[in-house]
Peer 1: 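Let me begin by handing over the structure; questions about it come next.
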Amino acid sequence: MEVVQVLHMNGGVGETSYANNSLVQRKVISMTKPIFEDAITNLYISNNFPGKLAIADLGCSSGPNTLLVVSEVVKTVNNICRKLGNQSVPEYQLLLNDLPGNDFNTIFRSLSSFQENLEEQMGPGAAGSCFFTGVPGSFYGRLFPSDSLHFIHSSYSLQWLSQVPEGIEGNKGNIYMASTSPASVLQAYYKQFQKDFSLFLKCRSEELVSGGRMVLTFLGRKSEDPSSKECCYIWELLAKALNDMVTEGVIEEEKMNSFNIPQYTPSPFEIKSQVLEEGSFAIDRLEVSQVNWNAYSSNNGLNGADGLINKDGGYNVAQCMRAVAEPLLVSHFGEAIIDEVFDRYREIIADRMSKEKTEFINVTVSLKKIG
């Protein structure tokens with residue numbers, strides 16, 4: 001599987017699109033808002049109020065979440081300027097990055113409404129200082145010129161690996177790390193994470209100015225066990241749906257056994273260890289949070305695209321996962337089985353959610369470039 005070619009969220013604005021099924025991700029961004037507000041405030045003040053700020057959002061995807069972070073960053077800096085009595089606000093270069101398969105067109109079509117909303121909130125002329133650029137490419141390589149960025153944000157993207165780890169042929173019956181995975185499979189996943197995250201940090205250290213900041217949020221885990229239920233369960237349930245279809249002859253067993261998700265959900269210790277080993281950044285904050293699988297269950301005023309709370313938890317979670325995983329499944333199994341896979345998945349999820357507490361674990365780290 002060429003991850004760079006097939007990994008992207010479902011585009012457009014349809015029923016199965018990421019735009020309409022990313023409330024969990026939106027809640028996580030809202031939960032971590034105080035962390036990136038603190039980082040951008042310290043950056044702006046310590047850099048003597050630069051006249052231009054270059055801000056990159058890595059793994060921006062498309063839909064309502066894409067411009068949420070850059071909007072908050074702009075508002076934070078503008079509020080600082082107002083409190084300090086500064087007459088002029090900086091110009092913002094807002095760089096939106098994702099893999100080439102991302103639906104950048106939907107992002108660009110939404111810019112006019114973003115600018116209108118920003119001016120309604122901040123006053124006339126506020127949007128005139130914002131300049132957008134789409135940057136397709138993998139963040140496991142250089143994306144920007146040296147010493148060109150002030151602030152980098154990434155949420156729910158860095159758990160995706162650059163490739164499916166090598167040496168996991170023994171992971172039969174599973175599509176990710178699981179309680180039944182051999183130790184060699186868990187180690188292969190961890191080694192791939194170490195390699196990828198170290199490269200990410202190295203590339204970003206070259207692109208950030210001295211003292212530049214990064215706030216990164218991973219889908220992760222609290223446990224030191226990489227096959228912990230808190231990070232692997234959602235994929236184990238999808239594997240159950242697929243295995244049921246293997247048993248019934250709908251999917252070939254060989255096809256099932258050769259499919260693995262290119263993801264690693266790290267612990268806070270693993271993230272800290274890799275940052276310290278790479279050596280380019282100091283850690284300001286490292287925090288863990290959690291969010292319910294069904295973001296509508298306590299949505300704190302964050303409704304779906306239709307403004308209504310959908311109470312079918314199995315449907316909500318299955319749709320969220322479909323928006324993320326469908327391109328990977330289609331690439332490997334073809335389109336014909338997709339509806340049936342997610343119908344089964346919905347039923348399995350609904351059953352488990354009725355019997356136990358189900359949460360995603362988030363690990364957020366705020367970093368400052370050393371030197």
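All residue numbers refer to positions in the sequence shown, counting from 1. Note that the coordinates shown come from a computational prediction; the quantities given were computed from them, not determined experimentally. All values below were derived from every heavy atom in this structure, side-chain atoms included, with hydrogens, water molecules and symmetry-related copies excluded.
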Peer 1: Which heavy atom in Val215 sits nearest to a heavy atom in Ala39, and how many Å separate them?
Peer 2: CG2-CB, 3.7 Å
Peer 1: Side chain of Arg204, backbone of Phe139: donor and acceptor closer than 3.5 Å?
Peer 2: yes
Peer 1: Does the side chain of Asn260 pick up a donor-acceptor pair with the side chain of Asn171 at under 3.5 Å?
Peer 2: yes
Peer 1: Taking atom types as modelled and ignoring hydrogens, do the side chains of Asn362 and Ser289 form a donor-acceptor contact shorter than 3.5 angstrom?
Peer 2: yes
Peer 1: With the side chain counted from C-beta on, respond yes when Phe131 and Leu94 share a heavy-atom pair under 4.5 Å apart, and no when they do not.
Peer 2: no
Peer 1: For the residue pair Leu237 and Tyr345, what are the closest heavy atoms and their distance?
Peer 2: C-CE1, 3.6 Å
Peer 1: Using only atom types and a distance under 3.5 Å, with no angle test, would you say the side chain of Asp103 pairs donor to acceptor with the backbone of Thr106?
Peer 2: yes
Peer 1: Between His153 and Ile55, is there a side-chain heavy-atom distance shorter than 4.5 Å?
Peer 2: no
Peer 1: For Thr32, enumerate each residue passing the side chain to side chain donor-acceptor pair (under 3.5 Å) test, keeping only those at least two apart in sequence or located in another chain.
Peer 2: none
Peer 1: Contact between Tyr190 and Pro226 at the side-chain level, heavy atoms closer than 4.5 Å - yes or no?
Peer 2: no
Peer 1: Does Ser280 offer a backbone N or O that forms a donor-acceptor pair with the side chain of Glu278 under 3.5 Å?
Peer 2: yes
Peer 1: Would you say His150 and Leu43 make side-chain contact, with heavy atoms under 4.5 Å?
Peer 2: yes
Peer 1: Would you compute the distance between atom CD1 of Ile261 and atom CD of Gln159 and round it to the nearest 0.5 angstrom?
Peer 2: 11.5 Å
Peer 1: Does a donor on one side chain and an acceptor on the other come within less than 3.5 Å for Thr265 and Tyr176?
Peer 2: yes
Peer 1: With distance as the sole test, does Ser198 use its side chain to make a donor-acceptor pair with the main-chain N or O of Lys195 at under 3.5 Å?
Peer 2: no
Peer 1: Does some side-chain heavy atom of Phe281 sit less than 4.5 Å from a side-chain heavy atom of Met214?
Peer 2: yes
Peer 1: Thinking salt bridges, do Glu72 and Lys75 make one under a 4.0 Å N-O criterion?
Peer 2: yes
Peer 1: With hydrophobic residues grouped by side-chain heavy-atom distances under 4.5 Å, do Phe108 and Val70 end up in a single group?
Peer 2: yes
Peer 1: Check whether Asp196 reaches the backbone of Leu161 with its side chain - one donor and one acceptor, N or O, closer than 3.5 Å.
Peer 2: no
Peer 1: Can you tell me if Gln290 uses its side chain to pair, donor with acceptor, with the backbone of Ile361 under 3.5 Å?
Peer 2: no
Peer 1: Just how far is it from atom SG of Cys203 to atom CG of Leu143, taken to the nearest 0.5 Å?
Peer 2: 7.5 Å
Peer 1: Is Glu224 atom CD crowded by more than 12 heavy atoms from other residues, nucleotides or ligands, each under 6.0 Å away?
Peer 2: yes
Peer 1: Here's a test for you: under side chain to side chain contact (heavy atoms under 4.5 Å, CB included), which of Ser138, Pro136, Ser157 qualifies with Leu99?
Peer 2: Ser138
Peer 1: Does any non-hydrogen side-chain atom of Met245 lie less than 4.5 Å from one of Ile337?
Peer 2: yes
Peer 1: Would you confirm whether Ser148, through its side chain, and Phe144, through its main-chain N or O, come within 3.5 Å as a donor-acceptor pair?
Peer 2: no
Peer 1: Given side chains that start at C-beta, do those of Glu206 and Lys202 come closer than 4.5 Å, heavy atoms only?
Peer 2: yes
Peer 1: What's the spacing between Ser154 OG and Leu58 CG if we round to 0.5 Å?
Peer 2: 5.5 Å
Peer 1: Within 45 degrees of the ring normal and closer than 6.0 Å to the centroid, is that where the cationic atom of Arg346 sits relative to Phe342?
Peer 2: no
Peer 1: With a 3.5 Å cut-off and sequence neighbours excluded, list the donor-acceptor pairs that the side chains of residues 268-277 form with protein atoms.
Peer 2:
residue	atom	partner	partner atom	Å
Glu270	OE1	Arg221	NH1	3.2
Glu270	OE1	Arg221	NH2	3.3
Glu270	OE1	Tyr264	OH	3.2
Glu270	OE1	Ser267	N	3.1
Glu270	OE2	Arg221	NH2	2.8
Glu270	OE2	Tyr264	OH	2.9
Ser273	OG	Phe269	O	2.8

Peer 1: For a side chain to side chain contact (heavy atoms under 4.5 Å, CB included) with Val363, tell me which candidate from Leu216, Leu286, Leu219 qualifies.
Peer 2: Leu286
Peer 1: Between atom CZ of Arg213 and atom CG of Leu208, what is the distance when rounded to the nearest 0.5 Å?
Peer 2: 10.5 Å
Peer 1: Hey, are Thr41 and Asp38 close enough side-chain-wise for a donor-acceptor pair under 3.5 Å?
Peer 2: no
Peer 1: If we ignore angles and hydrogens, is there a donor and acceptor under 3.5 Å between the side chains of Ser227 and Asp225?
Peer 2: yes
Peer 1: Are any side-chain N or O atoms of Asp98 and backbone N or O atoms of Gly137, one a donor and one an acceptor, separated by less than 3.5 Å?
Peer 2: no
Peer 1: Between Lys52 and Pro90, is any pair of side-chain heavy atoms under 4.5 Å apart?
Peer 2: no
Peer 1: For Phe151 and Asp57: C-alpha separation, side-chain torsions, deciding distance, then whether side-chain contact (heavy atoms from CB on, under 4.5 Å) applies.
Peer 2: CA-CA 9 Å; Phe151 181 72; Asp57 190 18; over 6 Å; no
Peer 1: Who pairs with Phe197 by ring-ring contact (aromatic ring centres under 6.0 Å, His included), at least two apart in sequence or on another chain?
Peer 2: Phe193, Phe218
Peer 1: Over all heavy atoms of both residues, which pair between Pro165 and Tyr189 is shortest? Give the atoms and the distance, please.
Peer 2: CG-CD2, 3.6 Å
Peer 1: Take Lys369 and Asp147 through the salt bridge (Lys or Arg N to Asp or Glu O under 4.0 Å) test and state the conclusion after the steps.
Peer 2: CA-CA 11 Å; Lys369 180 181 172 181; Asp147 303 315; 3.6 Å; yes
